[in-house]
Amino acid sequence: MAPRNLLYLRSNFLFGSRCWTIQFSAESLFKSISFRLFGVKCGNEDSEPLENELLSNLLTMGVDVDMAKKRQPGVFNRTGINEQDLKAFLLSKGASKEVIASIISRYPRAITRTPENLSKRWDLWRGIMASDLEIVNILKRSPESFFRSNNNLNLENNIKFLYSVGLTRKCLCRLLTNAPRTFSNSLHLNKQMVEFLQEVCLSLGHSDPIDFVRKIIFKNPFILIQSTKRIKANIKFLQSTFNLNNEELLGLICGPGAEILDLSNDYAKRNYTNIKEKLFSLGCTEEEVRKFVLSYPDVIFLGEKKFNDKIDCLIEEKVSILQIIETPRILDSSISTLKSRIKELVNAGYNLSTSNITLLSWSQKRYKAKFKKLNIGKNIILGN
C-alpha cells in the first residue's frame with residue numbers, strides 16, 4: 001500500500017546562535033567574512049580561488065560534490081557560503097559528520113544559511129519537537145524540509161495560525177515529521193485550505209469545523225500541501241462513486257479514506273475502475289466491490305498492474321476471491337512476501353482455502369512466531 005508513508009516556541013535566540021559561534025577562531029572568522037561574505041565575482045581569476053576553497057572544504061567534510069553540483073549547481077556560484085558555520089551548528093545539535101555530509105550532498109543550498117537564520121529556525125522547530133535528535137532525524141531523511149526556506153517569519157506565522165485553528169502540539173509534531181513542507185507554504189495558502197475544509201465540514205452538516213479540521217489533518221498530514229481543487233474533486237468522487245450520505249462521507253474522509261484525498265483524481269478513478277473490472281471478472285457483485293473498497297480505501301493507491309498481479313497470485317495459490325475481499329489487508333504484502341509465506345504455510349500443512357489468511361499480512365515478527373507454532377504442531381503430529 002502506500003502508507004504515507006509522507007513529515008513541518010520560541011527559545012532563547014542568544015543561546016541558540018551566539019554561544020557556539022563565539023568559539024570560532026579569528027582566522028576562520030576572517031575567511032568567512034572578508035573573503036566570502038563580501039567577496040564579489042569580477043571574473044574567473046577572482047571566483048576560482050573562492051570556489052576552489054569551497055570545494056576543498058566540502059571534500060574534506062566528506063560531501064559528494066558531484067551529487068551536490070548536479071542537484072543545485074547555482075549554489076557554487078554564490079557568495080556568502082557558510083559550510084563551516086553549518087557544520088559547527090549541526091554538530092552542536094548532535095548530528096554526526098556523516099549526516100552533515102549527506103545533508104549537504106543532497107541539499108547543498110543548506111550551506112547558504114547564516115548561523116543566525118539557522119538558530120532562529122531551529123528554535124521554532126524545537127518549540128514543537130521534543131528533542132534536537134528528532135529534528136536531526138528529520139533532516140537526515142529530508143534536508144529540504146528544514147533548509148528549503150529561510151523565511152523564519154513565515155514559519156513562525158504558520159505555527160501560530162495552526163495553533164489558532166485548534167491543532168495541538170502533537171498534531172504539529174506529526175506535520176513536521178511527515179509533511180514539513182506545510183510550514184514553507186505561504187500563510188495565505190494554509191489559511192485557504194483550512195477555510196476550505198471548514199466549509200466542507202459545514203456543508204456536510206457537521207457542527208464543529210475545528211474538530212473536523214483537526215481530525216482530517218491528523219489522519220492526513222499531507223493535506224495542507226495539496227490544492228483545494230484536488231481535494232474537492234476527490235471528495236466528489238468518493239461521494240458519487242459509493243453513494244455516500246453526508247454522515248458516511250464525513251466518517252470516510254476523517255478516517256480510513258483521508259489519504260485518498262491526496263491522489264490525482266484521474267489516478268484514483270482509473271485505479272477504482274480497474275479494481276471493479278478485476279473483481280467483476282472473478283464473480284463479485286457491485287455491492288461486494290463497494291464494501292471491499294470502503295472497508296479498505298487504501299486499495300485505491302494500488303496501481304492497475306500491482307493490484308491485478310496480487311489478486312492473480314492469491315487465486316493461483318487457491319485463495320478464493322471471497323477470502324480476499326473479506327481480508328483485504330493481505331494486499332498490503334508484496335507479491336514476493338505472499339508467495340514465500342504461502343509456500344512455507346503449505347509445506348507446514350496449513351490449508352489456505354479453509355483457514356484464516358490474515359497471517360499473510362502480519363508483521364514479519366508476528367508471522368514468524370505463528371509459523372514456529374505451526375511447525376511445532378506439525379512435528380508433534382508426525383511424532384505421534
Side-chain angles (χ1 to χ4, degrees), residues 1-7 102 106 137 140-142 177-179 219-222 256-260 262-264 266-284 288-289 291-379 381-382:
M1 296 308 15
R4 320 263 298 271
N5 18 25
L6 304 334
L7 302 99
S102 175
R106 291 178 291 141
N137 286 335
K140 189 191 308 184
R141 187 178 69 250
S142 173
T177 304
N178 295 284
K219 278 289 184 180
N220 179 2
F222 298 93
E259 292 185 348
I260 294 175
D262 291 344
L263 292 175
S264 152
D266 287 341
Y267 183 77
K269 286 179 177 177
R270 189 167 63 248
N271 286 353
Y272 176 68
T273 298
N274 176 68
I275 291 167
K276 190 163 61 171
E277 289 176 351
K278 183 66 176 177
L279 296 184
F280 280 174
S281 73
L282 293 167
C284 294
E288 284 174 330
V289 173
K291 287 182 178 178
F292 168 69
V293 177
L294 288 178
S295 69
Y296 196 50
D298 280 355
V299 72
I300 293 177
F301 282 98
L302 281 178
E304 298 164 68
K305 186 177 186 308
K306 188 168 285 188
F307 177 79
N308 292 344
D309 287 350
K310 287 186 178 184
I311 295 292
D312 290 342
C313 167
L314 291 165
I315 295 294
E316 286 169 9
E317 298 296 342
K318 312 303 180 190
V319 178
S320 72
I321 191 60
L322 183 61
Q323 287 176 291
I324 295 170
I325 63 174
E326 289 180 346
T327 321
R329 287 189 178 274
I330 60 173
L331 298 175
D332 275 347
S333 300
S334 67
I335 290 178
S336 60
T337 297
L338 289 172
K339 286 183 175 179
S340 63
R341 288 187 178 182
I342 288 170
K343 184 177 179 180
E344 287 177 338
L345 291 168
V346 169
N347 288 340
Y350 194 81
N351 190 334
L352 289 167
S353 62
T354 59
S355 304
N356 192 329
I357 61 170
T358 55
L359 72 173
L360 293 176
S361 64
W362 287 354
S363 68
Q364 184 70 358
K365 182 179 179 181
R366 188 180 177 192
Y367 169 76
K368 286 295 183 186
K370 176 66 174 178
F371 184 70
K372 186 177 180 181
K373 289 180 181 178
L374 289 173
N375 265 334
I376 292 172
K378 178 184 176 182
N379 291 334
I381 292 170
L382 289 175

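Every heavy atom of this structure was used, including side-chain atoms; hydrogens, water molecules and symmetry mates were not.
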Could you report the tightest heavy-atom contact between [X] and [Y], atom names first, then the distance?
X      : Y      : result
Asp298 : Pro256 : OD1-O, 4.0 Å
Ile325 : Glu288 : CD1-CB, 4.2 Å
Ala179 : Pro221 : CB-O, 3.3 Å
Asn271 : Ile300 : ND2-O, 2.8 Å
Lys310 : Leu302 : NZ-CD2, 4.2 Å
Glu344 : Tyr367 : OE1-OH, 2.7 Å

Do [X] and [Y] make a side-chain contact, defined as non-hydrogen atoms from C-beta onward lying under 4.5 Å apart?
X      : Y      : result
Phe292 : Cys284 : no
Tyr350 : Leu352 : yes
Leu314 : Leu331 : yes

Distance-only criterion, 3.5 Å: show the donor-acceptor pairs between side-chain atoms of residues 315-322 and protein atoms not counting sequence neighbours.
{"residue": "Ser320", "atom": "OG", "partner": "Gln323", "partner atom": "N", "Å": "3.1"}
{"residue": "Ser320", "atom": "OG", "partner": "Gln323", "partner atom": "OE1", "Å": "3.3"}

### Query
Under a 4.0 Å N-O cut-off, is there an ion pair linking Lys278 with Asp312?
yes
### Task
For the pair Arg270 and Glu304, find out whether any cationic side-chain nitrogen is under 4.0 Å from an anionic carboxylate oxygen.
yes
Got a second to check how far [X]'s [atom1] is from [Y]'s [atom2], nearest 0.5 Å?
X      : Y      : atom1 : atom2 : result
Ser336 : Leu338 : OG    : CG    : 8.0 Å
Ser334 : Lys339 : OG    : NZ    : 10.5 Å
Leu359 : Ser361 : CG    : OG    : 8.0 Å
Ser102 : Lys140 : OG    : NZ    : 9.0 Å
Ile335 : Ile311 : CD1   : CD1   : 10.0 Å

### Summary
side chain to side chain contact (heavy atoms under 4.5 Å, CB included) test vs Trp362 passes for just one of Lys365, Arg366, Gln364, namely Arg366
### Query
Is there a donor-acceptor contact under 3.5 Å linking the side chains of Asn356 and Thr358?
yes
### Task
Could you tell me whether the side chain of Tyr267 and the main chain of Phe301 form a donor-acceptor pair under 3.5 Å?
yes
### Query
Donor-acceptor pair, Ser295 side chain versus Lys291 backbone, under 3.5 Å?
yes
### Task
Using a cut-off of 6.0 Å, state whether more than 12 heavy atoms not belonging to Arg329 lie near its atom CZ.
no
### Query
For Phe307 and Leu279, what are the C-alpha separation, side-chain angles and deciding distance, and is it a side-chain contact (heavy atoms from CB on, under 4.5 Å)?
CA-CA 11 Å; Phe307 177 79; Leu279 296 184; 4.3 Å; yes
